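One structure is given here, and the rest of the page talks about it.
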There are 2 protein chains.
Amino acid sequence: MPTGRPREFDTERALELATSLFWQKGYEGTSLSDLTETLGITRPSLYAAFGNKEALFRLVLQRYEAKAGAYRTKALKAPTALEVARQLLEGAAELHGDKANPVGCLGVHGALACSDEAAMIRRDMSAHRIAGEAAIRRRLTRAKAEGDLPPNASPSDLARYLSVVIYGMAVQSVGGASHAELRRVAAIALSQWPKSAR
Amino acid sequence: MPTGRPREFDTERALELATSLFWQKGYEGTSLSDLTETLGITRPSLYAAFGNKEALFRLVLQRYEAKAGAYRTKALKAPTALEVARQLLEGAAELHGDKANPVGCLGVHGALACSDEAAMIRRDMSAHRIAGEAAIRRRLTRAKAEGDLPPNASPSDLARYLSVVIYGMAVQSVGGASHAELRRVAAIALSQWPKSAR
DNA sequence: ATCGTTCTATATCGATCGGTATATTAGTCT
DNA sequence: AGACTAATATACCGATCGATATAGAACGAT
């Protein structure tokens, strides 16, 4: 099985740059010209390496979730419901307040993606968001069973509340909210958290 | 001054339909073909009546703010800070949970607008959001002066928190959150609103 | 009836969109 | 060296983007 001419660019580095682009501008806002210009490769090279724009976006999405979503999976392992909520909110503040990251949120951008041709992407992103919220809900359901939330607390409502605040922080970061400002938002949001009976 | 041939379509009705379109799909996601098809008029008619796509969008934005933003100005007139917050959050739940309205939020869509050519729109929408948050902050500053918020409360942080929750509800509504679900989010967001000393 | 004005309809503009056909270059394998 | 394979570069595809040129149609004024 002959091997052929070796690739002249670093695919990992290219994915990094593509992630940054999609993160800033969303799926539809990022054109192939944006991509080839920033990645420093030609169109055919991009298509040979990644398939097409949609396939590239899905690869980027995986990287994004591994990087930006890491705090979520970690947060869900916290011992108490309050600590789960705290880590989720502060993680979001950290992510969106970090000047090293582009503003905004790939998930929110994708969820609100615009035209009809991106409907598939929009559905996928919607599914991702729902799955994320469901994971929080399951964790809070367990917390309630463990007596870690008051009996009248609703895990699904609390999970939805956390999701709302997290996505709202992403929108706010587009407007230039600082790390410190988002942390204070997280603190206020957390202060609404129901106290456990114990 | 001769008057010429009268317009054959209702501009008010056309603006209504355009508002609905932009609301659903955002500025960039709505193409001229979408517009002419839905409004039932031809391109030249649209340009003669409204200028161009950007000018049409600004007209639509005014209508949207008059309609969707009415609850905000009304809420700011409530007698207490708690009531202001309650009306803002429940108003957002009402707006985004109403099945008669398209999902999403014109403001959030615009804020996250994608490509470079819409940068002007994005800046404008960002300014709108900042102005909205500033109005809330001023109202809460007054409330604090009136002893309606505890001395350690931060009007700017609370205003930012309210904005975050409101925008988060808009994002959540894209995923299909119901009126009732959003109202429960609003209730949680309000559950520990800082109590005044009085 | 004719003129002036304004809206409407058709057809099209250049630019850009995502995506490729073709030919050349650079490498491994025998 | 020669054959085979894969990545590159150029140039281009049809479709769609926002926006218009042009010509005809419907009105008021005279």
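The basis for the numbers below is simple: all heavy atoms, side chains too, and nothing from hydrogens, waters or symmetry mates. Because the structure is a prediction, the values reported are computed rather than measured. Every chain is numbered from 1 and lettered A, B, ... according to where its sequence line falls, protein lines coming before strand lines.
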Would you kindly give the CD1-to-P distance between A:Ile41 and C:dG19, to the nearest whole Å?
14 Å
Would you say the side-chain atoms of A:Thr19 pair up with the backbone N or O of A:Leu15, donor to acceptor, closer than 3.5 Å?
yes
Kindly point out which of D:dA19, C:dT8, C:dG18 is positioned nearest to the side chain of B:Lys53?
D:dA19
Here's a test of your reading of the structure: between B:Tyr47 and B:Arg5, which maps to the more 5' nucleotide of DNA chain D?
B:Tyr47
Could you give the CD-to-P distance, from A:Glu54 to C:dC17, as a whole number of Å?
18 Å
Answer yes or no: does a side-chain N or O of A:Thr42 lie under 4.0 Å from OP1 or OP2 of D:dT8?
no
Evaluate whether atom CD of A:Glu83 has more than 12 neighbouring non-hydrogen atoms of other residues, nucleotides or ligands under 6.0 angstrom away.
yes
With distance as the sole criterion, is a donor-acceptor pair present between the side chains of A:Gln172 and A:His96 under 3.5 Å?
no
Without decimals, in angstroms, what is the distance between A:Asn52 CG and D:dC13 P?
22 Å
Verify whether one side chain among A:Arg138 and A:Thr141 offers a donor that lies under 3.5 Å from an acceptor in the other.
no
Roughly, in whole Å, what's the span from CD in B:Glu37 to P in D:dG18?
13 Å
Value in whole Å for how far the C1' atom of C:dC13 lies from CZ of B:Arg43:
12 Å
If I take atom CG in residue A:Leu39 and atom C1' in nucleotide D:dT8, what distance separates them, rounded to the nearest angstrom?
15 Å
Between CG of B:Leu32 and C1' of C:dT10 the distance, given in whole Å, is 17 Å
Can you sort out the partners of A:Tyr167 under ring pair (Phe, Tyr, Trp, His ring centres under 6.0 Å), two or more places apart, ordered by chain and number?
none
If you define the side chain from C-beta out and look only at heavy atoms, does anything of A:Phe22 sit under 4.5 Å from A:Leu61?
no
Rounded to whole Å, how long is the line connecting atom CG of A:Leu46 with atom C1' of D:dA6?
16 Å
With a 4.0 Å limit, can you tell me whether A:Ser33 has a side-chain N or O closer than that to the phosphate oxygens OP1/OP2 of C:dC17?
yes
Within 45° of the six-membered ring axis of B:Tyr27 and under 6.0 Å from that ring's centre, is NZ or CZ of B:Lys53 located there?
yes
Residues of residues 6-15 of chain A with any non-hydrogen atom less than 4.0 angstrom from an atom of DNA chain C: list those, numerically ordered, please.
A:Pro6
Give a yes/no answer on whether the side chain of A:Thr3 brings an N or O atom under 4.0 Å of OP1 or OP2 in C:dG27.
no
